Amino acid sequence: MEDSEEVNLDWIEIFLNFFGGICLFLFGLRTMSAELRQVAGDKLKDILTSLSGDRFRALLSGIILSGLTQSSSIVLVMLVSFVPSYMTFEQSIGVILGSGIGSTLMPQLAALNVTKYCLGFVVLGFLLSYKQSYCHIGMTIFSLGLTFFGMEVMADAMKPVQSYEPFIEFVASASSPIYCVLVGIVVTVVTNSSSATIAILMTLGGSGVVRLRESVCVVIGANIGTCSTALFASVGRSSESLKVALAQLIIKLIGGIGCMFVLEGFCFLVMRSSGTTDPDDPIDLPHRIANSHTIFNVVSAVLLLPLCSQIAGLSSLLVSRSSFHLDSTESKTEKV
């Protein structure tokens, strides 16, 4: 009987539902981010400039801004535009560290199982959007519900393959830590959202398809992959903008390499953060995946905040060397 069920799996329907859920999630996340920026308006700029006086306030401003926009990438794009006009490059390091912490809010909300109320958010947001004074707030809530609904669609799409042995064996065969980190980087670059990567991972974890160790490695990759937005945004801008983008990459690489060196200890810390002692329990795994994302960014901020000057110096050194190389190449080309 099991064989017939395996043979009768409708892979087209599974893939359409799963990727349809991803599209709903991404659309909801981007719409919610845009609506939140409409609600906040110029306050985002005020928060960024007024709270970035020292590294601790800069950290706080990064947390607030990333929490409001639900996108560390948006905060980094703002920094690329604002440095050095509204703040110094060194001040931006604290904001970068804070933005990583603020971006963990959405996965933590999803881990609290509020996704089952997704259509309630959709209804409430829809009703509020009809009143002019609450239009943006209503659309924000509606988009939040759409984001959670996308996660529910993804989870439902994965149910048929939970007990499909060939698929489980394929996932298990691709469990190398380096491979999982690369998967996290690629998926984040393609979707332009680490939140999307974490959401997909939480869905797979809740379905029992992936395990804690592999999930943690994908989370590390997702944090590194999120640097791509700032790097692309810095192209064609000033050297200060490139320094900001490189600083984020340095921070994520230090955090990622550090976690990979102590991977077993990091996994143990994540496992102890919630639930049972079974590290791969599908009930607790989505929460642990969200916690690994939070722990990664909080620990990175705590350890690297005192080193803002050194990170700024390293980023400046890399930019100055690359600029010197480019200038030398251009002068040689002109002589030829």
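Computed over heavy atoms, backbone and side chain alike; hydrogens, waters and symmetry mates excluded. Owing to the predicted nature of the structure, the values given are computational and were not obtained by experimental measurement.
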S315 OG to E90 CD distance, which is reported to the nearest 0.5 Å: 11.5 Å
R272 CZ to N291 CG distance, which is reported to the nearest 0.5 Å: 13.5 Å
Transitive ILVMFWY side-chain link L59 to L304, under 4.5 Å: yes
Pairwise distance CG(L249) to CD1(I96) - rounded to 0.5 angstrom: 10.5 Å
Check: C267 and R211 side chains under 4.5 Å, non-hydrogen atoms: no
hydrophobic_cluster_shared for L144 and L112, side chain cutoff 4.5 Å: yes
Audit row: R213, E264, side-chain contact (heavy atoms from CB on, under 4.5 Å) steps and yes/no: CA-CA 8 Å; R213 192 167 181 268; E264 297 304 324; 2.8 Å; yes
Note, V216 side chain near F296 side chain (heavy atom, < 4.5 Å): no
Non-hydrogen atoms of S292 and V219 that approach each other most closely: OG-CG2, 3.4 Å
Polar side-chain atom of S300 near backbone of N297 as donor-acceptor pair, under 3.5 Å: no
Minimum side-chain heavy-atom gap M32-M106 below 4.5 Å: yes
Atom of L24, atom of G150 and distance for their closest heavy-atom approach: CB-CA, 3.8 Å
Side-chain donor or acceptor of T31 paired with backbone N/O of F27 under 3.5 Å: yes
Ring pair (Phe, Tyr, Trp, His ring centres under 6.0 Å) against F121, all qualifying residues, sequence neighbours excluded: F148
side-chain contact (heavy atoms from CB on, under 4.5 Å) assessment of I251 paired with I93: CA-CA 9 Å; I251 287 167; I93 306 295; 4.1 Å; yes
CZ/F18: more than 12 non-hydrogen atoms of other groups inside 6.0 Å: yes
Main-chain N/O of P306 paired to R55 side chain as donor or acceptor, under 3.5 Å: yes
Gap between atom CG of L246 and atom OG of S241 - 0.5 Å precision: 11.0 Å
Closest non-hydrogen atom pair, A301 against L97: CA-CD2, 4.0 Å
Contact check, side chains of Y179 and L182, non-hydrogen atoms, under 4.5 Å: no
Non-hydrogen atoms of A111 and M202 that approach each other most closely: N-CE, 3.7 Å
From T104, T197, N223, residue fulfilling side-chain hydrogen bond (donor to acceptor under 3.5 Å, both in side chains) relative to H293: N223
Same cluster (ILVMFWY, side-chain, under 4.5 Å), I257 and I311: no
Heavy-atom donor-acceptor pair, T188 side chain to S194 backbone, under 3.5 Å: no
Nearest heavy-atom neighbours spanning S193 and L26: CB-CD2, 4.1 Å
Gap separating the CE atom of M260 from the CG atom of L253, nearest 0.5 angstrom: 12.5 Å
Pairwise side-chain contact, C217 with L263, heavy-atom cut-off 4.5 Å (strictly under): yes
Mutual orientation of the aromatic rings belonging to F142 and F126 [parallel < 30°, tilted 30-60°, perpendicular > 60°]: tilted
Closest approach of A230 to L76 (non-hydrogen atoms, all atoms of both residues): CB-CB, 3.8 Å
Residues in salt bridge (charged side-chain N to carboxylate O under 4.0 Å, His left out) contact with K243, at least two apart in sequence or another chain: E240
Verdict with supporting geometry, L305 and F56, side-chain contact (heavy atoms from CB on, under 4.5 Å): CA-CA 8 Å; L305 190 63; F56 294 103; 3.6 Å; yes
Between NZ on residue K252 and CD1 on residue I185, distance to nearest 0.5 Å: 12.5 Å
Evaluation steps, ring pair (Phe, Tyr, Trp, His ring centres under 6.0 Å), between Y130 and Y134: CA-CA 8 Å; Y130 270 93; Y134 296 109; over 10 Å; no
Cluster link L146 to V114, ILVMFWY, side chain under 4.5 Å: no
Contact check, side chains of V210 and L201, non-hydrogen atoms, under 4.5 Å: yes
Side-chain heavy atoms of K131 within contact of I137, under 4.5 Å: no
I295 side chain reached by F266 side chain, heavy atoms, under 4.5 Å: yes
Same apolar cluster: V186 and V218, side chain cutoff 4.5 Å: no
